[in-house]
Amino acid sequence: MPFRPHLLALGVTLGLASIAATATTTATTQPALTTQTLNSGGVMPAEQARVHFDHAELHFTVEPAQQSIDASATLSFTAKTATDVLLLDLDRNLPISGLDLDGKPLAASAWSNPDGRLRIQLPAMLAAGGKVSVTVRYGGKPHVAKKAPWDGGFVWSHTADGQPWVASAVEGEGCDLFWPCIDQPQGEPDLVDTYITVARTLAAPGNGVLVGITDQGDQHTYHWRAKHPDTYAISINVGPFKLLKGNYASHYGNTIPLELWYLPEHAAGAQALFGEFPRMLDFFEQQIGPYPFGDEKMGVVETPHLGMEHQTINAYGNQYRKNGYGFDQLLQHEFAHEWFGNQVTNADWDDMWLHESFGTYMQPLFSQYLNGDMDYFSWLHQLRLQLRNHHPIVSGSSKTEEQVYDESAGPGQDIYNKGALMLHTLRQLIGDKDFFDSTRRLVYGRPDPRPGNFSPRYASTNDYVGIVDQVTGRKLDWFFDVYLRDAALPRLDEQRDGDTLKLRWVTEHGKPFPMPIEVQVGDTVHTLPMSDGSGQLAVPAGSLLIVDPRSKVLREVPYVGDYQQWMKQQRAAASK
C-alpha cells in the first residue's frame, strides 16, 4: 500500500529514508501471506458475527535473535446466537501446536487453518448466552514488514549500540499477523491481558495499564491490561528503553498518567517531546472532550518505524523533528486517533474517513489553538494541494482496508485530506457550536461526556450524518452526498451579464447542492443562499470581486489543478 493509515499527508514528506539512518530491518525470506491474511475487514463472516469477544489473554516470548515468537492465546466468547463453530483469523505462517477448548485438549481433526482462517468445530451446539474459551498455542517467525507501517508486520531492528529494537505495526493486514483474532473493525475484545517476555536487559511497553513485572532467570515478563482495544492497536514493543513519567491534571477532575518510552541516546529529544504532552491533552479535552483512556495512560514508545496509533502506547518514529507550526505533527496526528479510531471506531473500513478525516483536521485545529488563523489556513492549503478526487470517500458497501487505501481503485489519501477540508467546510456551514457538539456525540455517543460515563463505541457514516442532522435540526444529506459519495468536487460556475454576476453549483452527477456562498464586492461581503443551487448579485464594472473571501467552501478551483499538473510534469522530468 502506498501510504498506510494514520500518517500525515502534508506537503512535507515524511519518508522512510530518514528512519533508515537509525534503524534497519533484516530481510528474511518468508512464505507469502495468503489473500485471507493480507485482507482486513470486508463483510464479517456469519460465524464471527454470532459471538461476542469477551477477553483475550495473550502470551508472547519474543526472541529477537531468531526473529521469532513463542505464543499462546486464551480467548473467551459469549454466543449472541446459537453456534457450533468458532471462526478466528491467524496467519498460517505461525504454526499451531495445539488447541484447548474450555481447558481440555481438542483433537487436531476438530480444527483447521489452511489459509489463515482458523475454523474450530465445537463438540456441541453453544446456545445463545453460552460461554466458551479456546486456547491456541502457536509460534514461529511473524511476517516481517518491508516498509512499516505502510507494509505491516514485525520490525526487527537494532539500536545504535547493537541492542534489539522490535516493534509491530499491523493496521493494513490486521491483528492476525501475530495473534488469533477477529480481524474486523468490530472484532474488539472487551478486555485484553498481554504478557510479553523478554531479556531482562530490555523493556516491553504495551497497551493499557502495567499490572506487574515478574522475573524468571535472565528474562522478565511485562503484564499489561487494556479495555476495548482496537484490534490492530494491540502492539508489541521491545527495546532498551528508558521511561519518562508524569501526571496530567485533566479538565474533568481526573489525573492522567503520562509515559514516554525512549532510547537512551535520544534523551534530549524525548524530554522535549514529553513536554508537549500537556498542551496536546489540553487542546483535545477543550476542543473534543475527556481523554478516553484516562484511567490507563497517555503512552508513547519510540519505534524503528514512523508511527501508528496503538491504543495508549502510540508508536513514534519521527526522530523528534520539529515543524514550522511549533509542534510534532506526527505525534499529534497519532494521538488524535485515541479519540478518532480507538474511542470511536469505524463500523466498516468503508467508514475509515471517520478516523482519518477527523484525525487530520486536528492538526490545523491544533495550529489555530497554538498560533492563530494564519497557521490554520496555511495547513489547510497544504492539504488542498494534494487532493486527488479520483474515487468517492465512501462507497456505500463493505470494504477491506486494502480497497480503501488503494490509490488506483479507492479514495486513498483523500480520506485524510479531502475529508479534513470537508470538515472545515461543514464547520463554516453549521457553526462551531453545532460542529463540535456533533463531534462529541460521534466520539462519545452523548453530548455530556465525563470520565466514567462513556465507553468505546462503533459508528458509521450514516450515524454521523444522522448526528449532524439531529444537532442542527437540518437535513444535510445533500452536503455529505456530494463530498463523500461523489469523487469530483463541486464546481461553482461564474458568468457575467453586464453588471450582474451569476453563480451556479455544478456537481458530478447533477445532485442538488444548496451551499451558501459569500461574495465580496468592494468592501461589502454578501451571502448568497443558493437554495436552488444558483444565485446572482449586482457587481458594478471595475468593482473588487472575491468569491468566498474567507475560504469557507471546499470546491474545484482551476489554479489547484494547474499546480498539480505542473508538479506532475516536474516529477516526470526529474525521473528522466
Requested in this report: Look at the rings of Tyr376 and His424 and say which category their plane angle falls in: under 30° parallel, 30 to 60° tilted, over 60° perpendicular.
Outcome: tilted

Interatomic distance, CG@Leu365 vs CD@Gln332, rounded to 0.5 Å, equals 9.0 Å

With Arg225 as partner, the option from Asp190, Asp193, Asp295 fulfilling salt bridge (charged side-chain N to carboxylate O under 4.0 Å, His left out) is Asp193

| message | Can a side-chain donor-acceptor contact be found between Trp165 and Gln163 if the only test is distance below 3.5 angstrom? | response | no

query: Could you walk me through whether Gln413 and Glu407 pass the side-chain contact (heavy atoms from CB on, under 4.5 Å) check?
result: CA-CA 7 Å; Gln413 291 303 294; Glu407 294 283 0; 3.0 Å; yes

Practice task
For residues Thr439 and Phe435, determine if any side-chain heavy atom of one lies less than 4.5 Å from a side-chain heavy atom of the other.
Solution key: yes

When rounded to the nearest 0.5 Å, the distance separating NE2 of His251 from CD of Glu285 is 6.0 Å

Item to complete: Classify the ring geometry between Phe340 and Phe358 as parallel (under 30°), tilted (30 to 60°) or perpendicular (over 60°).
Response: parallel

CG (Leu423) and CG (Leu429) are apart, to the nearest 0.5 Å, by 12.0 Å

Next item on the list: Ignoring hydrogens and angles, state whether a donor on the side chain of Ser235 or Asn237 is under 3.5 Å from an acceptor on the partner side chain.
Entry: yes

CG of Leu421 to CG of Leu383, rounded to nearest 0.5 Å, is 5.0 Å

Under a 3.5 Å threshold, yes or no: a donor from one side chain and an acceptor from the other, between His59 and Glu57? yes

Verify whether one side chain among Thr194 and Tyr222 offers a donor that lies under 3.5 Å from an acceptor in the other. no

In sequence, state the C-alpha distance, the side-chain angles, and the governing distance for Arg427 and Asp432, and then conclude on salt bridge (Lys or Arg N to Asp or Glu O under 4.0 Å).
-> CA-CA 6 Å; Arg427 181 184 171 198; Asp432 279 11; 2.8 Å; yes

- Query: Going by distance alone, is a donor N or O of one side chain under 3.5 Å from an acceptor N or O of the other, for Ser460 and Asn462?
  - Reply: no

* Flag, side chain of Thr231 to backbone of Gly187, donor-acceptor distance under 3.5 Å -> no

For a 4.5 angstrom cut-off between non-hydrogen side-chain atoms, does Leu243 reach Leu260?
no

**Item:** Ring geometry between Tyr291 and Phe335 (parallel below 30°, tilted from 30 to 60°, perpendicular above 60°)
**Value:** tilted

In terms of heavy-atom contacts, Pro278 and Tyr248 come closest through O-CE1, 3.6 Å

Proximity of Phe277 and Phe274 rings by center, below 6.0 Å: yes

Thinking salt bridges, do Lys399 and Asp348 make one under a 4.0 Å N-O criterion? no

Mind checking whether Trp156 and Phe154 have ring centres under 6.0 Å apart? yes

- Phe327-Phe366 aromatic ring centre distance below 6.0 Å: yes

One should read off an interatomic distance between Met362 CE and Met280 CE, to the nearest 0.5 angstrom, of 14.0 Å

### Task
Decide if the gap between the ring center of Tyr563 and the ring center of Tyr559 is smaller than 6.0 angstrom.
no

Q. Would the Phe60 and Phe178 ring centres measure less than 6.0 Å apart?
A. yes

Next on the checklist: If only side-chain N and O atoms count, and only distance matters, is there a donor-acceptor pair under 3.5 Å linking Gln329 with His333?
Outcome noted: no

Nearest heavy-atom contact between Tyr316 and Arg321 is OH-N, 3.9 Å

Checklist entry - Between the side chains of Asp351 and Thr461, is a donor N or O closer than 3.5 angstrom to an acceptor N or O? => result yes

So, Thr159 versus Glu265: side-chain donor-acceptor pair below 3.5 Å or not? no

Return yes if some donor-acceptor pair links the side-chain N/O of Glu296 with the main-chain N/O of Pro292 below 3.5 Å, else return no. no

| query | Mind checking whether Leu58 and Ile234 have side chains closer than 4.5 Å, heavy atoms only? | reply | yes

Any side-chain heavy atom of Leu258 within less than 4.5 Å of one from Asn247? no

Centroid-centroid distance, Tyr232 to His310, less than 6.0 Å | no

**OP:** Could you tell me whether the side chain of Gln368 and the main chain of Asp373 form a donor-acceptor pair under 3.5 Å?
**Re:** no

Separation between CZ (Arg388) and NE2 (His390), nearest 0.5 Å, reads 5.0 Å

Next on the checklist: What I want to find out is whether Arg485 reaches Asp481 closely enough, with some N-O distance under 4.0 Å, to be called a salt bridge.
Outcome noted: yes

Heavy-atom closest pair (Met298 atom, Ile256 atom, distance to 0.1 Å) is N-CG2, 4.1 Å

* Asked: For the residue pair Tyr361 and Tyr416, is the inter-centroid distance of their aromatic rings smaller than 6.0 Å?
  -> no

ask   = Should Lys242 and Glu302 count as an ion pair when the cut-off is N to O under 4.0 Å?
value = no

**Q.** Neighbour count >12 (heavy atoms, 6.0 Å) for atom NZ, Lys322
**A.** yes

- request: State, with a plain yes or no, whether a side-chain heavy atom of Val553 is found less than 4.5 Å away from one of Met515.
  value: yes

For this session: Please tell me if the side chains of Glu402 and Trp349 come closer than 4.5 Å, counting only heavy atoms from C-beta onward.
Result: no

Inset, instruction - Kindly indicate whether the side chain of Asp463, heavy atoms from C-beta on, has any atom under 4.5 Å from the side chain of Tyr458. - result: no

- Message: Checking Trp353 against Tyr464 for the side-chain contact (heavy atoms from CB on, under 4.5 Å) test, could you report, in this order, the C-alpha distance in whole Å, the side-chain angles of both residues, the deciding distance, and whether it holds?
- Response: CA-CA 11 Å; Trp353 75 273; Tyr464 179 62; 3.6 Å; yes

For Pro149 and Met308 the tightest heavy-atom approach is CB-CE, 3.4 Å

Practice problem: Using distance alone, with no hydrogens and no angle criterion, decide if Trp339 and Tyr444 have a side-chain donor and acceptor under 3.5 Å apart. | Solution: yes

- [ ] List the steps and the verdict of side-chain contact (heavy atoms from CB on, under 4.5 Å) for Val155 and His305.
- [x] CA-CA 8 Å; Val155 180; His305 64 85; 4.2 Å; yes

Q: Check the side chains of Asn371 and Ser367 for a donor-acceptor pair under 3.5 angstrom, ignoring hydrogens and angles.
A: no

- request: Could you tell me whether the side chains of Glu338 and Gln343 share a donor-acceptor contact shorter than 3.5 Å?
  value: no

- [ ] Consider only side-chain N and O atoms of His337 and Glu356, and report whether a donor and an acceptor are under 3.5 Å apart.
- [x] yes

- Message: Pairing donors with acceptors under 3.5 angstrom, does anything connect the side chains of Asp183 and Ser40?
- Response: yes

